[in-house]
*Asks:* 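Following this message is one structure expressed as C-alpha cells.
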Amino acid sequence: MKIIKILAVSAMALGLTSCISKKQYDALSSNYKQCIENIGERQREIQDLKSQNSALTGENTLLKSQHDALKSSLDACLSNTGKSSANIDKLVGEINASNSYIKQLISNNAKNDSLNMALSNKLKRSLDNVADDDVQVKVLKGVVMISLSDKMLYKTGDYNILPAAQEVLGKVAKVINDYDKYSVLIEGNTDNAPLSSANLPRDNWDLSALRGTAIAKVLQTQFGVDPARITAGGRSEYNPKATNMSVSGRAENRRTEIIIMPKLDEFMKLMDIAPKK
C-alpha cells in the first residue's frame, strides 16, 4: 500500500510539471524511477520468500505426520493394559527425543534456507548488470547454484579464461569470500559435439575438467578464495540441461556451474543429533 501511495504521489507530481521548476520536476522524476526500481526488487524478494515458504511448509507437513504416527503408537500402547509401564516409559522417551530432533532439524533447516536466500539475493544484486543468458543464479535443494555460459568464459574448444569474464568472477568471488563457512564446487559441462585431439584437451572429459579447474585457479590466485574450500571437476556431456538436438540446447549445455553449499561437516553435525534407535 505504501508503494502504491508513493507511485500515486509521484504520478501526480509528474502531472504538475507546468506548475513547478525544471529542477523540482527532475527531482520528482528521479524519485519516481527509483520507486519503480525498488518495486521490482521487492517483487523478486517476495517471489524468493514464497518459494522458501513453500519448501518449509512441505517439510513441516512431513514432520507433523511423523509426530502424529508416534503419538498414535503411544495412544495404542496406553489403551493396551497388557503393556508394561517400562515399555510405555521407553516409548515416551523416544517421542520426546524425536520431538527434540524435529525442533532442532526445523531450526537448522530454517537457518540454512535463510542464509542461502540471503546469499542468492546478494549474488543477484551483484550480477544485476550481467545478461541473464550468461549468468543464472538460483537456490535448489538447499544450495546456491551459479551457471556461467561458456561463451562468456572461453573461446570455442578452449579452457583459458577470457579477460571479459574477470569482472563477473570477481563479483562471484567477493560473495564467496563473504560466506567463508560454505564449500564451493565447480563443475565444467559440455555439449555432445565430439572433440578429438592429440593434445589437451583431447576430448569433452578433458575440456570440462580443465574448464572447472581453470575457474578454481582464477578464484584462488586472483580473488583470494581459500583453495581448501574448492572442489573442481568436469562432467563432460553427461549432465545436460537441454536437448543436444538444437543449437540453443547445445549452447545451454555448454556451461560451468559454481555451487555454493554448507560444508560437509555441518551436515554431519546435523546427522549426529538424530535420536539413536
*Asks:* Which heavy atom of Leu207 sits nearest a heavy atom of Asp158, and at what distance?
*Replies:* CD1-O, 3.7 Å
*Asks:* Show your working on side chain to side chain contact (heavy atoms under 4.5 Å, CB included) between Asp150 and Arg255 and close with a plain yes or no.
*Replies:* CA-CA 5 Å; Asp150 75 321; Arg255 69 197 187 280; over 6 Å; no
*Asks:* Measure the OG-CZ distance between Ser208 and Arg254 for me, rounded to the nearest 0.5 Å.
*Replies:* 13.5 Å
*Asks:* Measure the shortest side-chain to side-chain distance between Asp226 and Asp180 over non-hydrogen atoms and say whether it is less than 4.5 angstrom.
*Replies:* no
*Asks:* If two hydrophobic side chains count as joined below 4.5 Å and joins carry through other members, does Ile230 share a cluster with Val168?
*Replies:* yes
*Asks:* Roughly how far apart are Leu219 CG and Arg229 CZ, rounded to 0.5 Å?
*Replies:* 10.0 Å
*Asks:* Tell me whether Tyr159 is reachable from Leu148 by hopping between hydrophobic residues (I, L, V, M, F, W, Y) whose side-chain heavy atoms are closer than 4.5 Å.
*Replies:* no
*Asks:* Locate the shortest heavy-atom distance separating Ala232 from Ala216; write the atom from each residue and the value.
*Replies:* CB-CB, 3.9 Å
*Asks:* Yes or no on salt bridge (Lys or Arg N to Asp or Glu O under 4.0 Å) for Glu252 and Arg250, after CA distance, side-chain angles and deciding distance?
*Replies:* CA-CA 5 Å; Glu252 189 173 355; Arg250 289 193 296 273; over 6 Å; no
*Asks:* Enter the distance from Leu169:CG to Leu153:CG here, rounded to the nearest 0.5 Å.
*Replies:* 6.0 Å
*Asks:* Which heavy-atom pair separates Gly249 from Ala242 by the least distance, and what is that distance?
*Replies:* CA-CB, 3.8 Å
*Asks:* Using 0.5 Å steps for rounding, measure from the OG atom of Ser183 to the CD1 atom of Ile176.
*Replies:* 11.0 Å
*Asks:* I need the single residue from Asn244, Thr190, Asn189, Asp191 that forms a side chain to side chain donor-acceptor pair (under 3.5 Å) with Asn253. Which is it?
*Replies:* Asn244
*Asks:* If every non-hydrogen atom of Ala173 is compared with every non-hydrogen atom of Phe223, which pair is closest and at what distance?
*Replies:* CB-CB, 3.4 Å
*Asks:* Give, for atom CE of Met145 and atom CD of Glu257, the distance between the pair rounded to the nearest 0.5 Å.
*Replies:* 4.0 Å
*Asks:* Would you check if the side chain of Ser236 reaches a backbone N or O of Tyr238 as a donor-acceptor pair within less than 3.5 Å?
*Replies:* no
*Asks:* Does any part of the side chain of Ser149, heavy atoms only, come nearer than 4.5 Å to the side chain of Val135, both counted from C-beta?
*Replies:* no
*Asks:* Which heavy-atom pair separates Gly212 from Ile186 by the least distance, and what is that distance?
*Replies:* O-CG2, 3.5 Å
*Asks:* List the residues meeting side chain to side chain contact (heavy atoms under 4.5 Å, CB included) with Leu162, not counting sequence neighbours, and say none if there are none.
*Replies:* Lys155
*Asks:* Going by an N to O cut-off under 4.0 Å, is there a salt bridge joining Asp178 and Lys174?
*Replies:* yes
*Asks:* Any donor-acceptor pair under 3.5 Å linking the side chain of Ser65 with the backbone of Thr61?
*Replies:* no
*Asks:* Of the non-hydrogen atoms in Asn204 and Asn192, which two are nearest, and what is the gap between them?
*Replies:* ND2-C, 4.2 Å
*Asks:* Measuring from atom CG of Leu210 to atom CG of Leu200, what distance do you get when rounded to the nearest 0.5 angstrom?
*Replies:* 6.0 Å
*Asks:* Dump the intermediate steps for side chain to side chain contact (heavy atoms under 4.5 Å, CB included) on Gln136 and Lys138, then the final yes or no.
*Replies:* CA-CA 7 Å; Gln136 296 179 9; Lys138 63 181 178 180; 5.8 Å; no
*Asks:* When you check the side-chain N and O atoms of Tyr154 and Thr256, is any donor under 3.5 Å from an acceptor?
*Replies:* yes
*Asks:* Kindly indicate whether the side chain of Val172, heavy atoms from C-beta on, has any atom under 4.5 Å from the side chain of Ile258.
*Replies:* yes
*Asks:* Is the side chain of Asn239 donor-acceptor paired with the backbone N or O of Arg235 at a distance under 3.5 Å, no angle test?
*Replies:* no
*Asks:* Tell me, which pairs form a side-chain hydrogen bond (donor to acceptor under 3.5 Å, both in side chains) where one or both residues lie in residues 210-225, sequence neighbours left out?
*Replies:* none
*Asks:* Given side chains that start at C-beta, do those of Gln166 and Ile161 come closer than 4.5 Å, heavy atoms only?
*Replies:* yes
